[in-house]
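These figures come from a predicted structure and were not determined experimentally. Starting from 1, each residue takes its place in the sequence as its number. Note that ligands are numbered from 1 as they come in the structure, with each ligand's atoms numbered from 1 the same way.
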Amino acid sequence: MVCNGLQLRAIMASEREKPRIIAFEVTRRCRFQCKHCRANAVPACAGMTEREELTTKQCKRILASIAKFSGTASGKKKTKSKAGKPIIIMTGGEPMERSDIYELIRYGRDLGLRMVMATCGYLIDDESIAKLKKAGVQALSFSLDGCSAETHDRFRQAEGAFDAVIRAAEIARRAGMRFQINTTICKINIDEVAGIIELAKRLGAYCFDAFILVPTGRGEKIADEILDPLRYEVLLNELLGLKLESAIELRVTCGPQFARVCKQARVKKLIGSVSGCMGGRGFGFISYQGDVQTCGFLDISAGNLIENGFNFRKIWLGSEFLKEVRDVSGYKGKCGTCEYVGVCGGCRARAYAMSSDYLGADPVCKFVKREASCSGGGLHRDE
Ligand code: SF4
Ligand code: SF4
C-alpha cells in the first residue's frame with residue numbers, strides 16, 4: 001500500500017472536488033450494435049420498458065440538481081468565465097434518438113452548463129445540426145473505429161456506419177460545429193490508429209481521443225481483443241510522440257497510464273495537464289435509470305437520483321463507494337504498491353471486469369516498480 005502525506009492531502013481534496021465533466025446516458029436506444037458498447041445499447045423496437053429511459057421531466061431535474069451543486073444555477077449574474085461550469089456530455093445509446101434532445105440541451109445551457117454530445121452521427125443532417133447549434137451544443141464527438149468502412153462497419157455491426165459518420169463530420173464542419181473523433185482502440189484496429197488520426201485531421205476535427213477498450217457491457221465478449229501490456233505500452237509512447245508533434249489535439253481516455261508515461265518522459269508541459277483516471281473525481285456518470293456512477297464502464301451505483309429526490313450533491317459527497325474509489329491508499333496488487341498510483345490510478349473498471357475487484361490492479365499495465373520504499377517517492381495528483 002502506498003500512502004504518504006502528500007497523497008492523503010490529494011485524497012482529501014478529491015473528496016471535496018466537484019465533477020468537471022459528467023456523462024449523462026439519456027437513452028440506451030441505438031440502431032447500431034457495436035461490439036465494444038458498454039451500454040449494451042439496443043434498437044428502440046427491442047421490447048424496451050419505460051425504465052429503459054428517463055422522462056423529459058426527470059432528465060431536467062437531474063440537470064438542475066447538477067447545476068445547483070456546481071453553482072451555475074445560483075441565480076448569480078452570468079459571466080463568460082468557464083470556471084465552475086461542468087461539461088455535460090449527452091450520451092447513450094444514441095442521444096439523437098430522443099425527440100426531446102434539443103429541449104434538454106437548451107435547458108442545460110440555460111442553467112449555465114456546458115452542453116456537448118457524443119453521437120454515432122447517423123441522425124446528423126443540415127437541419128439537425130442547425131437545431132443542435134441553436135439549442136446550445138458547444139461541441140460533438142463522433143465515434144470512428146477504423147479508417148476504412150470495412151473495419152468501422154464490422155466494429156459497429158452495421159453496414160453504412162462509416163459513410164454515415166464521415167457524412168456527419170462533413171456536415172458539422174460546414175456548419176462550423178467543433179467536433180472530435182473518438183476511437184476505441186483494441187487489437188482489431190490497432191494498425192489503423194495512425195490512419196484514423198490522419199482521417200480525423202482531414203475531416204477537420206479539433207481533437208483525436210483514443211479510448212482504451214474496457215470490456216464491459218457488450219464489450220465483455222471481446223475481452224480477448226484488449227491489447228497485451230507490452231503493445232499497450234508501445235502505443236502509449238507512440239501517442240505521446242504524436243501528441244507532441246501533431247497539429248491536432250490528442251487525448252487518451254480510460255488509458256490512465258498515459259499520465260504515468262508523460263510523467264516518466266518528463267515532458268514538463270504535459271505534467272499536470274494529462275490526468276489519470278478521473279472516474280468519481282473530476283468525472284461522473286449518470287445512467288439511463290438515474291444511477292450516479294464513477295463512469296459508464298464501472299456499473300456500480302453510488303446512489304439513485306430518482307430514489308433520493310434528485311439530490312446529486314448528497315450522492316457525490318456522501319457515497320461510501322465513491323469515497324473508497326477515490327482513496328488510492330486502498331488499491332491492491334500492482335496498483336497498490338505503484339509509485340505512480342496518484343498520477344495514474346489504474347482503471348478501476350478494467351480491474352473489476354477482469355478480476356471482480358474494483359480496487360485491484362489494472363491488467364493492461366506493464367509498469368514494473370523499481371526497488372522503492374513506500375514513503376520515499378510517492379507522487380500525487382496535484383504534482
Ligand atoms: S475507471 Fe477506467 S473506464 Fe472508468 S473513468 Fe477510470 S479509466 Fe475510465
Ligand atoms: S501499476 Fe496501476 S497505478 Fe501504477 S502505472 Fe500501472 S495501472 Fe497505473
Side-chain angles (χ1 to χ4, degrees), residues 1-3 7 10-11 14 17 19-23 25 36-39 89 91 118 182 184-186 209-217 219-220 223 226-227 229-230 232-233 236-237 251-265 274-287 292-302 321-322 324-355 357-370 372 374 377-381:
M1 183 185 294
V2 176
C3 187
Q7 282 178 337
I11 294 158
S14 71
E17 195 177 349
R20 297 188 298 280
I21 305 173
I22 295 177
E25 184 185 42
H36 56 328
C37 181
R38 56 134 207 95
I89 307 171
T91 186
N182 294 350
T184 297
I185 299 178
C186 63
D209 202 336
F211 281 63
I212 308 306
L213 177 66
V214 184
T216 56
E220 270 181 29
I226 288 184
L227 299 180
L230 179 58
Y232 176 53
E233 194 74 10
L236 292 178
N237 281 279
R251 295 186 201 141
V252 177
T253 295
C254 302
Q257 297 78 11
F258 191 56
R260 186 245 306 150
V261 165
C262 291
K263 188 107 188 176
Q264 285 175 306
V274 175
S275 305
C277 171
M278 289 166 61
R281 301 177 177 92
F283 180 87
F285 178 88
I286 295 165
S287 80
V292 177
Q293 298 176 201
T294 56
C295 66
F297 295 98
L298 185 52
D299 194 11
I300 296 176
S301 178
F321 164 63
L322 291 181
E324 193 184 14
V325 169
R326 287 168 190 147
D327 182 357
V328 298
S329 72
Y331 290 3
K332 301 174 196 165
K334 207 161 71 162
C335 293
T337 55
C338 177
E339 69 213 83
Y340 292 99
V341 70
V343 172
C344 160
C347 174
R348 301 299 101 220
R350 227 167 358 238
Y352 189 60
M354 311 294 271
S355 71
D357 183 356
Y358 54 78
L359 300 179
D362 183 344
V364 297
C365 183
K366 188 190 173 297
F367 182 64
V368 179
K369 185 164 115 37
R370 274 173 300 167
C374 173
L379 301 168
H380 73 108
R381 287 183 189 281

Angle class for the Tyr352/Tyr358 ring planes (parallel below 30°, perpendicular above 60°, tilted otherwise)? tilted
Among all protein heavy atoms, pick the one closest to [atom] and tell me residue, atom and distance.
atom                    : result
atom 7 (S) of ligand 1  : Cys254 CA, 3.5 Å
atom 6 (Fe) of ligand 1 : Cys277 SG, 2.3 Å
atom 2 (Fe) of ligand 1 : Cys347 SG, 2.3 Å

Could you check Leu236, Leu213, Val364, Ile185 and say which one makes a side-chain contact (heavy atoms from CB on, under 4.5 Å) with Leu227? Ile185
Does any part of the side chain of Ile212, heavy atoms only, come nearer than 4.5 Å to the side chain of Gln257, both counted from C-beta? no
From atom 8 (Fe) of ligand 2 out to just under 2.8 Å, does an N/O/S atom of Cys338 turn up? no
Taking the six-membered ring of Tyr331 as reference, does the cationic atom of Arg348 (NZ for Lys, CZ for Arg) lie under 6.0 Å from its centre and within 45° of its axis? yes
For atom 8 (Fe) of ligand 1, decide whether Cys295 has an N, O or S atom at a distance under 2.8 Å. no
Residue portion contacting ligand 2 (non-hydrogen atoms closer than 4.0 Å) for Cys365: side chain
Should Glu339 and Arg260 count as an ion pair when the cut-off is N to O under 4.0 Å? no
Heavy-atom proximity to atom 8 (Fe) of ligand 2 ranks first, among Gly346, Pro256, Cys344, for Cys344
